[in-house]
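Values below: all heavy atoms of this structure, side chains included; hydrogens, waters and symmetry mates excluded. Order of listing sets the numbers, starting from 1, for every ligand and every atom in it.
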Amino acid sequence: MDAPLVKTEVRGRVALLTLNRPKALNALSNDVIGELAAAMRVFDADENIGAMVLTGSEKAFAAGADIGAMQGWSYMDVYKQDYLGGDWESLKRIRKPIIAAVAGYALGGGCELAMQCDFIIAAENARFGQPEIKLGVIPGYGGTQRLPRAVSKAKAMDMVLTARMMDAQEAERAGLVSRVVPAERLLDEALEAAAIIASMSLPSVIMAKECVNMAYEGSLNDTVMFERRNFHALFSTEDQKEGMAAFVEKRKPEFKHK
Ligand code: CAA
């Protein structure tokens, strides 16, 4: 039997979900997100679970959406499957709190997945970035909307336009993460925080989460859709083909439209 793409484990009232594609730095394929969404839905409905922790490996929480899978897609391919909708978007409907425990790279869709969680606890080696521009596209899973809300317009523009990564200390200063801990403390810190949440009254936990999200998201539904459609549109460009091909062939891209 193939190893699961997402490993799950229950610790008391906390569910621990671990992305399990270490060789590809936990690149997020539709299958990974499908498994993740299915597991989260089960825990969301399980009255013995009060909170969840989502983590990756020591080297990568997730290095982004799966570039190899996207490389050959056309505009019609991404539009017709509503890529980054479906299971991806369903994660925001999970009602119980989810803490992202991030070590190593959280890039592109990986950074967006961490931001989609309710808060982020980072290991000292964590690095956050939205490097899609280097592939000839833009973030497509909420990055251009959630990042400025989390870290300010200035830092979001800097990261989205230059592809610069932020280390854990800068991410904490900027408000992207709630705590930074030594790598060996990461999982315990996140599990302990989740256990505290899971010890609270579930209705108030769920309402608290909904209310904070109301303050934070505003018209996010519209803006995320706007972003996704633009992300889709970029699959009609030569530069997307070049950017993704260059990544896969391990060379520098030569963009036509500079
Ligand atoms: N998709 C597919 N495969 C990926 C991947 C990704 N996003 N990121 C890494 N991998 C794979 C590599 O291809 C490599 O596979 P092979 O061993 O088979 O060659 C393996 O993971 C290890 O990666 P590297 O050899 O590149 O490791 P490194 O330590 O030299 O570099 C890195 C690490 C800087 C994170 C580099 O892997 C990298 O830049 N990854 C891509 C990051 C990126 O561009 N993310 C955005 C993706 S687009 C997106 O996410 C769209 C969206 O908004 C949803």
Only heavy atoms of Gly108, strictly under 4.0 Å: list the atoms of ligand 1 that pass. 46 (C), 50 (O)
Of the protein's non-hydrogen atoms, which lies at the shortest distance from atom 16 (P) of ligand 1, and what is that distance? Lys250 NZ, 4.4 Å
With a 3.5 Å cut-off and no angle check, do the side chains of Ser74 and Asp77 form a donor-acceptor pair? yes
Salt bridge (Lys or Arg N to Asp or Glu O under 4.0 Å) partners for Glu238, two or more places apart: Lys256
Geometric N/O contact Pro139 with ligand 1, under 3.5 angstrom: no
Is the closest protein non-hydrogen atom to atom 31 (O) of ligand 1 under 4.0 Å? no
Taking the six-membered ring for Trp, are His232 and Tyr75 parallel (under 30°), tilted (30 to 60°) or perpendicular (over 60°)? perpendicular
Are Met70 and Leu84 grouped together when hydrophobic residues (ILVMFWY) are joined by side-chain heavy atoms under 4.5 angstrom apart? yes
Check this for me, if you would: do Arg179 and Glu189 make a salt bridge, where the nitrogen-to-carboxylate-oxygen distance has to be below 4.0 angstrom? yes
Scan side-chain atoms only and decide if Asn30 and Gln81 contain a donor-acceptor pair under the 3.5 Å cut-off. yes
Heavy-atom contacts under 4.0 Å between Val137 and ligand 1: side chain, backbone, both, or neither? neither
With heavy atoms and a 4.0 Å threshold, my read on which part of Gln130 contacts ligand 1 is neither
Where's the contact between Ala63 and ligand 1, heavy-atom distance under 4.0 Å: side chain, backbone, both or neither? both
Using the test side-chain contact (heavy atoms from CB on, under 4.5 Å), find all partners of Leu5 that sit at least two apart in sequence or belong to another chain. Arg21, Asp31, Val32, Glu35
Any heavy atom of Ala65 under 4.0 Å from ligand 1? The part involved is both
What are the atoms of ligand 1, with element, lying closer than 4.0 Å to any heavy atom of Asp66? 1 (N), 2 (C)
Nearest-contact summary for atom 28 (P) of ligand 1 - protein heavy atom, Å: Lys59 NZ, 4.1 Å
Check whether any protein heavy atom sits under 4.0 Å from atom 50 (O) of ligand 1. yes
